[in-house]
Amino acid sequence: MDNGRREIEVMANLLGSNDMQAGVNRTHFQKNNCLAINVIGSPGAGKTTLLEKTLPNLTLDLHVGVIEGDIFTSKDADRIAVHGVPVIQINTGGGCHLDSKMVSKVLPEFDWKVMDLIIIENVGNLVCPADFDLGEAFKVIVLSIVEGDDKPSKYPVIFRNAKAVVLNKMDFELLTDVNMEIMRNDIRTINPEIEIFEVSCRNGNGLHAWTSWLRHEVKVYKETNG
């Protein structure tokens, strides 16, 4: 019983410390009038591919920076760098999520005089990242439909805390047994206010709606904080 209490105390202290730094990060983003979003999804959901397809549109009129979180390697950052945006890789060395202190350490690497949007791609995981605030304005989930229509009900916390979900790999719908009606209904039951985008990064379907919404969110943020 005592061990359980100690574990709860340690976790509470860890989250408390993280939340304090997240507040500092959030103030930094607000001060520089830059929208920061936290992109979360399972390994293989298509987070990096979604960014690759999103950046060419956004960078037509926005200055975008990317923070890539991964356990090892710089492969994702290398893919993003091809698109001509500033990108910093954070390797956790085994950790299953980014935390606010990791993010704070790389913030000086960006030119805040011009930055409009910072996209933080978290480590592939639907569990741990849900509890760790990075100072972002909101979270976005990327969920590949081939993961199964049961995922929203199995991982409700992250769906409850997110502002948008991108249902990716829609081009595989007819090749799987996924029930899209169940998936949509479960998402709406957990979070009635969440924005849902159905996207195929392979053929481009749905990308315009997603990028238009994200550009609008940048505009609203700047008008609110400017």
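- Side-chain atoms of Asn125 never come within 3.5 Å of backbone atoms of His97 as a donor-acceptor pair (strictly under, hydrogens ignored).
- Note: His28 and Trp112 have perpendicular aromatic rings, judged against thresholds of 30 and 60 degrees for the angle between ring planes.
- Rounding to the nearest 0.5 angstrom, the gap separating the CE atom in Met102 from the CD1 atom in Ile90 is 7.5 Å.
- Interatomic distance, CD1 of Ile194 versus NZ of Lys163, reported as 11.0 Å (0.5 Å rounding).
- Side-chain contact of Ser100 with Asn18: a donor-acceptor pair under 3.5 Å is present, judged by distance alone.
- With rounding to the nearest 0.5 angstrom, the CD1 atom of Ile118 is 4.5 Å from the CZ atom of Phe110.
- Using a 4.0 Å cut-off between charged nitrogen and carboxylate oxygen, Glu198 and Arg184 count as a salt-bridge pair.
- Taking each heavy atom of Asn122 and Pro129 in turn, the nearest pair found is ND2-CB, 3.8 Å.
- For the residue pair Lys151 and Phe159, the shortest heavy atom distance occurs at O-CE1, 4.2 Å.
- Tested against Val66, the residues Val85, Val39, Thr48, Ile120 include a single side-chain contact (heavy atoms from CB on, under 4.5 Å) partner, Val85.
- Donor-acceptor pairing under 3.5 Å is recorded for the side chains of Arg79 and Thr49.
- Of all non-hydrogen atoms in Asn161 and Ala130, the two that sit nearest each other are ND2-O, 3.6 Å.
- To the nearest 0.5 Å, atoms CG (Leu126) and SG (Cys96) are separated by 11.5 Å.
- Crowding of Met20 atom CE: a count of heavy atoms from other residues, nucleotides or ligands under 6.0 Å not exceeding 12.
- Of the possible polar contacts, none joining the Asp171 side chain to the Ser200 backbone as a donor-acceptor pair under 3.5 Å is found.
- Checked by atom type and distance alone, the side chain of Asp116 never pairs as donor or acceptor with a backbone atom of Val64 at under 3.5 Å.
- Between the side chain of Asn91 and the main chain of Gly93, no donor-acceptor pair closer than 3.5 Å is present.
- Of the possible polar contacts, one joining the Lys222 side chain to the Asn33 backbone as a donor-acceptor pair under 3.5 Å is found.
- The two residues Leu134 and Ala22 have their closest heavy-atom pair at C-CB, 4.0 Å.
- Using a 4.0 Å cut-off between a side-chain N of Lys or Arg and a carboxylate O of Asp or Glu, Asp133 and Arg26 qualify as a salt bridge.
- Remark: the backbone N or O of Ser144 is paired with a side-chain donor or acceptor of Glu147 at under 3.5 angstrom.
- Residue Gly148 comes nearest to Met183 through the heavy atom pair O-CE, 3.3 Å, listed as atom of the first residue, atom of the second, then distance.
- For Pro152 against Ile187, the heavy-atom pair with the smallest separation is CG-CG1, 3.6 Å.
- Taking CD1 of Ile80 as the reference point, atom CD of Gln89 lies at 10.0 Å (rounded to 0.5 Å).
- Between Lys47 and Asp76 there is no salt bridge, since no side-chain N of the basic residue sits under 4.0 Å from a carboxylate O of the acidic one.
- Using cut-offs of 30° and 60° for the angle between ring planes, the Trp213 and Phe197 rings count as tilted.
- Ser153 places a side-chain N or O within donor-acceptor distance of the main-chain N or O of Asp150, the cut-off being under 3.5 Å.
- The side-chain contact (heavy atoms from CB on, under 4.5 Å) test with Val146 is passed by exactly one of Leu175, Thr176, Val178: Thr176.
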